[in-house]
Protein chains: 2
Amino acid sequence: MAIGRPTQSSSQAPDTGAARRPSRARGIPEATVARLPLYLRALTALSERSVPTVSSEELAAAAGVNSAKLRKDFSYLGSYGTRGVGYDVEYLVYQISRELGLTQDWPVVIVGIGNLGHALANYGGFASRGFRVAALLDADPGVVGSTAAGLPVRHMDELESIVETQQVSIGVITTPPGAAQQVCDRLVESGVTSILNFAPTVLTVPDGVDVRKVDLSIELQILAFHEQRKAGEEPDRTDSVLDRAPGPVRAAAAKLRRAAGGTAKAEPAKSTAAKTAKATQPPAGGEGDLSAVMPA
Amino acid sequence: MAIGRPTQSSSQAPDTGAARRPSRARGIPEATVARLPLYLRALTALSERSVPTVSSEELAAAAGVNSAKLRKDFSYLGSYGTRGVGYDVEYLVYQISRELGLTQDWPVVIVGIGNLGHALANYGGFASRGFRVAALLDADPGVVGSTAAGLPVRHMDELESIVETQQVSIGVITTPPGAAQQVCDRLVESGVTSILNFAPTVLTVPDGVDVRKVDLSIELQILAFHEQRKAGEEPDRTDSVLDRAPGPVRAAAAKLRRAAGGTAKAEPAKSTAAKTAKATQPPAGGEGDLSAVMPA
DNA sequence: TAGATTGTTAATCGATTAACAATC
DNA sequence: TAGATTGTTAATCGATTAACAATC
């Protein structure tokens, strides 16, 4: 029973939880790094309101975390606060920006200008945090040559030269899932070392390349899980109580199922279960245009 | 120094890492729940290729995790494997689907039909995992009445009746950040108890309401952090070496800065730092259309 | 000085992982 | 029976949190 190539991705920390590589470069924990943008956003809002200083309690509230966590996070950056007073807003904005690498310019390429790619391209706010759209790329001749957000959509063939001449190190993949790994490979080969993947695909990348993913489908499924719990224990179920029966009973049932199935396709054994699943959860495919965001 | 309302969100587990409420309903850890959709996707692909069984090693590779973790995750669901053989693909697809609540239908409303909302609406794949777009909503009369993906965009005023009549429990927010909390409040008041937030805003919700967020800006910033590390220690910096000086020196410098600044606006003291930050990182605002995805 | 608030410690909790006995 | 692979244990690691001494 062969499976597609073995996968492996380096520091994929996304919602899945853990970071792959320790990556606490200079000792900042990954969980802290992930919260710095949150603090920065809250601080920027305070800055715009000309608030000079803020306490850990207030800032934590604005960022939606607890204050002990915030103080611990900041302690990794240094001692930027003043006991009895709080934190200097402007100074902290600068320190966090610098720590995140936002005091420099980051050229970004977006590959796959479908609905989502178009939407991202249209977003003028890229620039506001030091991110600059270096190019929009697509493989479809029907899309190449059109413009999105004032930028021309260029052909994938130009990828390598664009990445090289503009020193692009971050790539955004908004292609359909089928093309994602291939696009990823080309990005990496061109010299891109950070990838933000919107395609519902597990990307394989060499060591030293970071991949983060944004996956609408996964988020919705996690919400559904919790939602199901709220709606009273065990909603309507077509399958038998055996699934929730105590260990021995369930094990015996499973044994029966498999015994009946044999080695070949085991169709009859798992019949009820499999058919029910198929009914409410078709194999997908022939999706809409945003196929990049959910599994095909 | 007042700050906006204190924030608090229930089980916001996103990239930020930790889950707010334990929420391990019936004992399934949050980290495991977040990986179930990943396994399900890999299993669905195997199912389509008619692969009957799969080992933890193979499935783990396909899902991009290690096999010990996968086996541990599955052990929370029950004993669905067969020693010496592996897991029955179809049966596992069904069990995970059921555990995630995907064997039932989940009506979803999308609020804010800008570029991103439009993109999501156009995505036909919603249905493929049991999610159904119940309605598209917008507050802008210029948008209301248009169609997206064959569905009419309806006015926000219809929110309450739609949620009630169609039993909607999941809402997706793709509005500009300024409107997100207000929209969230209305969703919650209407009866929605799970929210997927694309607006770069910390949402405040009552207990019992789950919020997950998708934040392009944060993902890019995390990538930038790691990217900065790769490019050799400390890239070009306009600010002084003091920022990276050993503790005592840095502390002394900070003290000076604050002493010079006084209580008022402390402008001169942090001048260099603050100005540098402003230069490369303008206060944003006047963003493009996808303002819902990145901070304004 | 008295009050406020940071920065750090230490306890706790949850998640990851290797290893292996159980068992197909 | 021998080989393969699960399910579980236990060790380890990382993240969270309350509490409080340091110090503004």
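Every chain is numbered from 1 and lettered A, B, ... according to where its sequence line falls, protein lines coming before strand lines.
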Starting the side chain at C-beta, find the nucleotide from C:dC24, D:dG7, D:dA15 nearest to B:Thr82. C:dC24

Applying ring pair (Phe, Tyr, Trp, His ring centres under 6.0 Å) as the test, list every pair that has at least one member in residues 47-67 of chain B; sequence neighbours left out. none

Out of C:dT16, D:dA15, C:dG7, which has the shortest distance to the side chain of A:Pro29? D:dA15

Between A:Asp215 and B:Arg41, does any side-chain N to carboxylate O distance fall below 4.0 Å? yes

A:Thr44 and A:Val93 have their tightest heavy-atom pair at N-CG2, 4.2 Å

Would you indicate which nucleotide in D:dC20, C:dA18, D:dT5 comes nearest to any side-chain atom of B:Asn66? C:dA18

Can you tell me how far P of C:dG7 sits from CD of A:Gln95, to the nearest Å? 12 Å

With both distances under 3.5 Å as the test, what is the Watson-Crick or G-U wobble partner of C:dA21? D:dT6

Find the distance B:Glu57:CD to D:dA4:P and express it as a whole number of Å. 13 Å

Pairing nucleotide - D:dA11, Watson-Crick or G-U, each distance under 3.5 Å: C:dT16

N/O (side chain, B:Arg35) to phosphate O (OP1/OP2, C:dT16) under 4.0 Å: yes

Whole-Å gap separating C1' (D:dT6) and CD (B:Glu58): 14 Å

Can you check the B:Leu70 CG to C:dA15 P distance for me, whole Å? 16 Å

Check whether any side-chain N or O of B:Tyr76 sits under 4.0 Å from OP1 or OP2 of C:dA15, and answer yes or no. no

Quick one: is D:dT5 close enough that its OP1 or OP2 comes under 4.0 Å of any side-chain N or O from B:Ser56? no

So which atom in A:Arg98 and which in B:Gln228 form the shortest heavy-atom distance, rounded to 0.1 Å? O-NE2, 3.2 Å

Quick check: on DNA chain C, is the nucleotide nearest A:Lys72 upstream (toward 5') of the one nearest A:Arg83, or the reverse? Name the residue that is more 5'. A:Arg83

Go through A:Tyr80 and A:Phe74 one step at a time and tell me if the ring-ring contact (aromatic ring centres under 6.0 Å, His included) criterion holds. CA-CA 8 Å; A:Tyr80 294 152; A:Phe74 284 0; 8.3 Å; no

Between A:Gly84 and A:Asp73, just flag the one whose closest nucleotide in DNA chain D comes earlier from the 5' side. A:Asp73

Nucleotide nearest B:Glu30 (side chain, heavy atoms from C-beta), chosen from C:dA15, C:dT8, C:dT17: C:dA15

note: B:Asp88, atom CG; D:dT5, atom P; distance rounded to Å ~ 16 Å

With sugar-phosphate meaning primed atoms plus P, OP1 and OP2, does B:Tyr87 contact a base, only sugar-phosphate, or nothing at under 4.0 Å between heavy atoms? sugar-phosphate

Expressed as a whole number of angstroms, how long is the span from A:Arg71:CZ to D:dT23:P? 16 Å

When rounded to whole Å, the NZ to C1' distance for the pair A:Lys69 and C:dA10 reads 18 Å

